[in-house]
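Written below as structure tokens is the structure these notes are about.
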Amino acid sequence: MGSWPGRLFAGAVSVLLVLGGAGCQKKDAAGAAAGNPAANKDAKESGVPAAKHVEFTVTPPIQAGPKDLFEDIAPKAGLDFVQQFCDERIANIIESNGSGAAILDYDQDGFMDIYVVNPGPLDGVTHHKEGTKRQPNRLYRNRGNGTFEDVTEKAGVAGMGYGISAAAGDYDNDGFPDLFVVNVGKSILYHNKGDGRFEEVTDKAGLGHKGTGIGAIWVDVDNDGKLDLFVANYLTYDPNYQQYFNPDAYPGPLGYKPEFNILYRNRGDGTFEDISEKAGIRIPGHRAMSVCAFDHNGDGAPDIYLSNDGTPNMLLLNDGKGHFQDIALKAQAAFNALGEAAGSMTAAIGDCNGDLIPDILVSRLGYGSLYMGGPKGIYEDRMMSSGLGSITAQYVGWGSNFLDYDNDGFLDGFIANGDAHHMVGWESLLLKNKGDGSFADDAEQGGVYFKTKIRARGSYVLDFDNDGHLDVLVTAMADRLFLLHNRDASGNHWLAFHLQGTKSNRDGFGASIKVTAGGKTRCAEARCQEGFLGTSDPRVHFGLGQAKIVEKIEIRWPSGTQQTLRDVPADQILKVKEP
């Protein structure tokens with residue numbers, strides 16, 4: 001894996017950057033070459049004047065209008081996290097990605113908590129003042145009254161290193177979700193002890209590899225009842241690479257060597273083994289940005305979709321035994337409708353046109369794609385006919401999500417946007433499903449937030465107050481969190497599922513759920529809800545429109561067990577245990 005984190009270098013002339021208590025500084029443009037301590041010394045003695053003091057503005061509270069569908073309540077909810085950014089600008093491709101979060105109910109009190117990842121300083125990547133202390137990752141406990149408390153220190157999850165993303169899942173089936181924190185360098189596995197505290201068990205579990213991690217998912221690839229771990233790696237960054245094509249930007253992904261992704265099999269004894277080679281996922285030449293799992297062909301075995309930066313996306317088909325083959329080209333999900341391997345950020349999975357076949361929404365630098373699934377396993381990128389292309393063309397889309405924000409039974413979309421090369425904010429997108437899998441920009445109904453320019457990166461769907469209306473958490477570069485509270489007053493009904501596997505993995509990841517209500521059947525899949533740089537609420541949510549009763553619920557568990565429930569009242573979080 002990448003050895004570049006060991007190449008240490010320090011800036012010669014610096015700029016103090018004060019943000020969220022983090023002292024960081026930038027190397028002067030006339031200063032030392034990366035990786036050359038002698039050049040650093042020469043630059044210090046050259047008398048180059050220090051650059052000016054720079055501060056990034058933290059977005060003030062956003063006052064929602066009385067009719068706004070979403071209200072940003074992060075400041076009043078007690079989410080006081082500000083991302084530590086140790087530079088004056090986005091100086092390289094690693095810094096550009098930002099950092100994310102994971103949604104989990106770590107204490108199992110029924111309310112979703114929030115874990116946020118911090119990058120911090122990293123020699124060879126950030127231009128920081130010597131001695132700059134890393135600010136901690138933060139765990140916020142949901143009090144259940146609309147506010148959160150910081151329990152990071154008590155829980156023991158402050159993290160270390162250059163944090164990028166996190167994934168939550170119960171790998172030991174003890175009923176408490178664990179945390180895998182993805183770093184540039186050595187990642188971290190936190191085992192949830194069930195008493196409000198976590199134990200760092202990375203090396204003991206066999207997960208101590210070093211790489212340029214960018215995303216991860218918990219997925220039971222062989223359906224043995226134990227969650228395995230797929231880690232998506234980006235590229236081997238070389239700070240000495242200086243072949244700029246644009247003096248106002250940094251080298252793109254193809255300027256660096258790719259890194260292999262890794263699949264770890266859960267042995268069931270608290271340890272994991274690297275099965276990447278024999279599983280067929282060690283495919284060269286790609287630079288992953290995110291990874292997600294879903295059952296592409298309906299055979300009950302989880303498949304893997306990888307969004308890649310500058311190379312074709314991959315669809316890894318599972319043979320049912322945990323061995324994979326890339327069929328993205330055959331399935332027409334490798335390139336976009338223009339035949340490009342455009343820079344893909346993340347993929348949201350869901351049935352957006354009601355045909356009971358999963359579709360794929362991919363956010364990108366520029367035109368986003370909507371791969372509409374077909375009955376023969378072939379996708380059609382309806383980039384333009386869906387309306388997505390014209391809406392997304394002017395943006396760089398990072399975190400993308402499907403969510404039914406008005407509970408009318410049709411999956412809508414959310415895309416967090418931000419400039420890839422400059423510390424410039426852009427508006428996020430709220431995409432209204434017209435009912436046929438085509439979308440319209442719904443910023444007017446969404447409210448003031450969707451007219452506010454944010455340096456956004458990750459976005460995660462959750463129902464933090466358990467009212468059945470899906471909320472959104474957004475992470476941003478050198479900025480605070482944004483918690484968008486859904487104030488939908490349509491009166492539409494809903495049903496959410498909290499699954500508990502017995503023969504299957506405890507989280508029920510991989511279970512297929514069909515609900516029939518009001519004469520309409522909808523489907524969704526329980527999974528580790530990976531987005532860009534993190535994971536969303538693991539509970540499965542259905543908007544039901546005007547239906548107050550769900551006539552039939554059909555659950556196919558990963559073990560193969562079939563379960564049917566009838567005449568279930570709407571507007572509840574239904575806890576279902578595998579029989």
Side-chain angles (χ1 to χ4, degrees), residues 101-115 140-142 144 166-170 173 175-179 192 217-220 227 292-294 302 348-351 358 401-405 407 409 411-412 414 459-473 483-486 488 492-502 504-515 517 522-531 534-544 550 553-558 563 565 568-578:
I103 309 299
L104 72 162
D105 182 4
Y106 87 96
D107 54 0
Q108 291 296 286
D109 66 352
F111 290 94
M112 288 292 144
D113 311 301
I114 297 172
Y115 183 73
Y140 290 96
R141 179 181 174 272
N142 189 337
D170 184 2
N173 292 329
F176 291 91
D178 310 297
L179 268 172
N192 191 333
I217 50 170
W218 295 100
V219 53
D220 186 358
L227 289 178
C292 61
F294 74 109
I349 309 294
D351 175 18
N401 314 95
F402 274 132
L403 73 164
D404 185 357
Y405 59 73
N407 286 331
L411 289 179
D412 310 300
F414 180 96
S459 59
Y460 316 96
V461 176
L462 72 160
D463 182 3
F464 81 90
D465 53 358
N466 291 343
D467 66 352
H469 303 291
L470 294 178
D471 314 299
V472 180
L473 179 78
L483 179 59
L484 308 182
H485 180 220
N486 187 338
D488 174 48
N492 288 330
H493 300 282
W494 57 277
L495 186 65
F497 290 83
H498 178 182
L499 300 183
Q500 180 182 331
T502 53
S504 306
N505 66 86
R506 176 73 179 235
D507 290 317
F509 290 163
S512 172
I513 305 174
K514 289 184 180 179
V515 301
R522 304 167 177 87
C523 70
E525 187 178 346
R527 55 179 175 265
C528 184
Q529 294 281 1
E530 172 70 2
T535 52
S536 292
D537 191 329
R539 299 172 296 186
V540 184
H541 176 275
F542 291 89
L544 302 175
V550 176
I553 298 171
E554 300 168 90
I555 303 175
R556 185 188 67 191
W557 293 86
Q563 186 175 12
L565 306 172
V568 175
D571 303 327
Q572 62 169 313
I573 299 172
L574 189 66
K575 293 185 177 182
V576 183
K577 186 174 182 179
E578 181 181 14

Determine yes or no for a side-chain-to-main-chain donor-acceptor pair under 3.5 angstrom, with [X] supplying the side chain and [Y] the backbone.
X      : Y      : value
Asp113 : Tyr106 : yes
Arg539 : Asp463 : yes
Glu530 : Cys292 : no
Asn466 : Gly110 : yes
Asp178 : Asn192 : yes
Arg522 : Gly543 : yes
Asp537 : Val461 : no
Asp571 : Gly468 : no
Asp507 : Phe509 : no

[X] and [Y]: which non-hydrogen atoms are nearest, and at how many Å?
X      : Y      : answer
Pro538 : Ile103 : CD-O, 4.1 Å
Ala168 : Thr535 : N-OG1, 3.5 Å
Arg527 : Phe294 : NH1-CB, 4.3 Å
His541 : Asp404 : CE1-O, 4.1 Å
Lys514 : Cys523 : CG-CB, 3.9 Å
Ala570 : His493 : CB-CB, 4.0 Å

- Check the pair Asn173 / Asn505 against side-chain contact (heavy atoms from CB on, under 4.5 Å), numbers first and verdict last. CA-CA 7 Å; Asn173 292 329; Asn505 66 86; 4.3 Å; yes
Exercise. Please examine the side chains of Leu574 and Leu565, heavy atoms only from C-beta on, and report whether any two atoms are closer than 4.5 Å.
Key: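 Contact flag for Leu565/Leu574 side chains = yes.
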Distance, nearest 0.5 Å, that separates [atom1] of [X] from [atom2] of [Y]:
X      : Y      : atom1 : atom2 : result
Ile114 : Asn142 : CD1   : CG    : 7.5 Å
Leu227 : Ser504 : CG    : OG    : 10.5 Å
Phe176 : Asp105 : CZ    : CG    : 9.0 Å
His485 : Leu473 : NE2   : CG    : 13.5 Å
Asn401 : Tyr460 : CG    : OH    : 9.0 Å
Lys575 : Gln500 : NZ    : CD    : 9.0 Å

| request: Could you walk me through whether Val576 and His498 pass side-chain contact (heavy atoms from CB on, under 4.5 Å), step by step? | output: CA-CA 6 Å; Val576 183; His498 178 182; over 6 Å; no
**Message:** One pair to check against side-chain contact (heavy atoms from CB on, under 4.5 Å): Leu499 and Glu578. What are the steps and the verdict?
**Reply:** CA-CA 8 Å; Leu499 300 183; Glu578 181 181 14; over 6 Å; no
Review point. What is the ring orientation for Phe497 with Phe542, classed by angle as parallel under 30°, tilted 30 to 60°, or perpendicular over 60°?
Key: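 Aromatic pair Phe497/Phe542 classed perpendicular.
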#### Entry: Name of the residue among Leu470, Val472, Asn486 meeting side-chain contact (heavy atoms from CB on, under 4.5 Å) with Tyr405
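Running side-chain contact (heavy atoms from CB on, under 4.5 Å) over Leu470, Val472, Asn486 with Tyr405 returns exactly one hit, Asn486.
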